[in-house]
2 protein chains.
Amino acid sequence: MSGTRLEQKERTRRAILDAALALSAESTLVALSLRQVAKEVGIVPTAFYRHFPSLEDLGLALVEESLDTLRALLRELRRSAGDDFRSIIDGSVGVLVAQVRGNHAHFGFIARERFAGPAPVRAAINRGIEIAERELAVDLAHLPGTSEWSEEDLRTLSSLIVGAMVTTAERLITAGPGSPEEKQITDSARTQLRMLVVGAINWRSRP
Amino acid sequence: MSGTRLEQKERTRRAILDAALALSAESTLVALSLRQVAKEVGIVPTAFYRHFPSLEDLGLALVEESLDTLRALLRELRRSAGDDFRSIIDGSVGVLVAQVRGNHAHFGFIARERFAGPAPVRAAINRGIEIAERELAVDLAHLPGTSEWSEEDLRTLSSLIVGAMVTTAERLITAGPGSPEEKQITDSARTQLRMLVVGAINWRSRP
DNA sequence: GATTTGAGTGCACGTCTGTACACCCAAAAC
DNA sequence: GTTTTGGGTGTACAGACGTGCACTCAAATC
């Protein structure tokens, strides 16, 4: 069982990434050992070096992959946006739940390593989240009613929304797929976004 | 240098806790070794067992301590609450910044271990945060304008506020004490809370 | 068909880990 | 003054760790 040499190599590389993702889910990236990963994959420890110069590079590859998944979520959110606030909110929560469900290894990785990971990993994740906030702020500026908002207020609202999304994602991960709490979490997320929208609509129209 | 035997024991115990807190700040609790801690404290590895049965028990002691600090923050927030919304918000953000500043080892610990820590540690932290949300919901129910809110809506608003607070605390920790971002973070936190309050005030008064 | 390449092997090493055990000696108890 | 207690020491061991090095042998290249 195999194809060309490059295909085989790519397959082992994937196996390493998957094994690292699975093993780090039971604790953290920093608690990962090269030998553990190698054993899980089914190769000898030193073979690891054929794919990554060090464990740290493995970690960075995992961040990159996880951030790709995060960016895919953002793209999907933007793509599925409806017209009125209610459909935007319901749609967004649905998309969020679906994406977290389908990629909970990646989202779990981000949640765990955001504060506990090695410094470069933490930095990359926070950069990713900040970019998400900035992009959302731009989107928000195109919505009705935000025309005379300050740059700063847009960022603040965006940060609130992203924060609520992140918290919801973390809750979904903690609760586990198909758990009884899931419905309650999505309901709560919907209400949270509605409250935020109500706050936004009335912002600056009252003192 | 020493007093009674119990005093001396307590002093070493504290030294172990402080060393573990300091060392785990550079990575995670799970990446901590008994020998590292012992070396940092200045005792021989096996002496560790005179104070804790295992590293896991050390971890649990640290969680307990950190959650105490969190509870102190909540108490202080409630104690300092003013009359009108503006003073409540400004006061709360001030208290939050001061407490995080004065105990960033504990708050940093909570942020890191909330998702990356060992299962019992994660559970304890999430329980602590949930209790904070519930208590805040009770406080909110006593505020003017929330008389006919449902239990569920109160919890949702409470969860939004706590979420914003947690995010702010995490930002303060990441930014570091006395950093230039600090002012921006506190300003942003104030605006966030104001937006949340505006949302709350207008909740259910519009459809 | 002969040669080169490179993913995976196997062994060896020095270092770090948790922890068992016998020990010391000053404070506490008698 | 004698005995007991208990925090801290020192040695020792087995296991896991990262990594260097010489190796195999099938796929790729010529």
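Order of the sequence lines sets the chain letters (A, B, ...), proteins ahead of strands, with each chain counted from 1. What you see is a predicted model, and the numbers here were worked out from it, not measured in a lab.
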(message) More than 12 heavy atoms of other residues, nucleotides or ligands under 6.0 Å from CD of A:E10: yes or no?
(response) yes

(message) If I take atom CZ in residue A:F48 and atom P in nucleotide D:dG20, what distance separates them, rounded to the nearest angstrom?
(response) 13 Å

(message) The criterion is side chain to side chain contact (heavy atoms under 4.5 Å, CB included); which residues satisfy it with B:N126, sequence neighbours excluded?
(response) A:T174, B:R114

(message) Measuring to OP1 and OP2 of C:dC16, would you say a side-chain N or O of B:S33 lies under 4.0 angstrom away?
(response) no

(request) Could you state the atom-to-atom distance from CG of B:L55 to P of C:dG18 in whole Å? (result) 6 Å

(request) Check the distance between C:dG18's P and B:F52's CZ and give it to me in whole angstrom. (result) 15 Å

(message) So which atom in A:A164 and which in B:L160 form the shortest heavy-atom distance, rounded to 0.1 Å?
(response) CB-CD2, 4.3 Å

(message) Quick check on the helix from C:dG1-D:dC30 to C:dC30-D:dG1: what's the angle between its two end axes, five base pairs per end, to the nearest 10°?
(response) 20°

(request) Let me know the distance between CG of B:L34 and P of C:dA20, rounded to the nearest Å. (result) 11 Å

(message) Does B:D83, at its CG atom, have more than 12 non-hydrogen atoms belonging to other residues, nucleotides or ligands within less than 6.0 Å?
(response) no

Please enumerate all protein N or O atoms sitting under 3.5 Å from an N or O of nucleotides 10-12 of chain D, with distances to 0.1 Å.
residue	atom	partner	partner atom	Å
D:dG10	O6	B:T46	OG1	3.0

(message) Can you confirm whether B:E181 is buried at CD, in the sense that more than 12 heavy atoms of other residues, nucleotides or ligands lie under 6.0 Å from that atom?
(response) yes

(request) Would you please name every residue forming a side chain to side chain donor-acceptor pair (under 3.5 Å) with A:S66, sequence neighbours left out? (result) none

(request) Could you tell me which residues satisfy side chain to side chain donor-acceptor pair (under 3.5 Å) with B:R194, sequence neighbours excluded, listed by chain and number? (result) B:D90

(request) Give the minimum heavy-atom separation between B:E170 and B:A111, together with the two atoms involved. (result) CG-CB, 3.9 Å

Collect all protein-nucleotide pairs involving nucleotides 4-7 of chain D in which both atoms are nitrogen or oxygen and the distance is under 3.5 Å.
residue	atom	partner	partner atom	Å
D:dT5	O2	B:R5	NH2	2.6
D:dG6	O4'	B:R5	NH2	3.3
D:dG7	OP1	B:K9	NZ	2.9

(request) Could you check how far CZ of A:R11 sits from P of D:dA27, rounded to whole Å? (result) 12 Å

(request) Please tell me which of B:L6 and B:S54 maps to the more 5' nucleotide of DNA chain C, matching each residue to the nucleotide holding its nearest heavy atom. (result) B:S54

(request) Starting at atom OH of A:Y49, determine the distance to atom P of C:dG10, rounded to an integer number of angstrom. (result) 18 Å

(message) If I take atom NZ in residue A:K39 and atom C1' in nucleotide D:dG15, what distance separates them, rounded to the nearest angstrom?
(response) 11 Å

(request) Mind checking A:E10 for me? I need base, sugar-phosphate or nothing, with any heavy atom below 4.0 Å counting as a touch. (result) nothing

(request) Kindly indicate, with the supporting measurements, whether the criterion side chain to side chain donor-acceptor pair (under 3.5 Å) is fulfilled by A:Q8 and A:R5. (result) CA-CA 5 Å; A:Q8 179 54 36; A:R5 202 129 95 170; over 6 Å; no

(request) Rounded off to whole Å, could you give me the CD-to-P distance for the B:Q36 and D:dC17 pair? (result) 16 Å

(request) Check the pair B:L172, B:H104 against side-chain contact (heavy atoms from CB on, under 4.5 Å), reporting the backbone distance first and the verdict last. (result) CA-CA 9 Å; B:L172 285 171; B:H104 70 50; over 6 Å; no

(request) Look up atom CG in A:D139 and atom OG1 in A:T146, then write down how far apart they are to the nearest 0.5 Å. (result) 10.5 Å

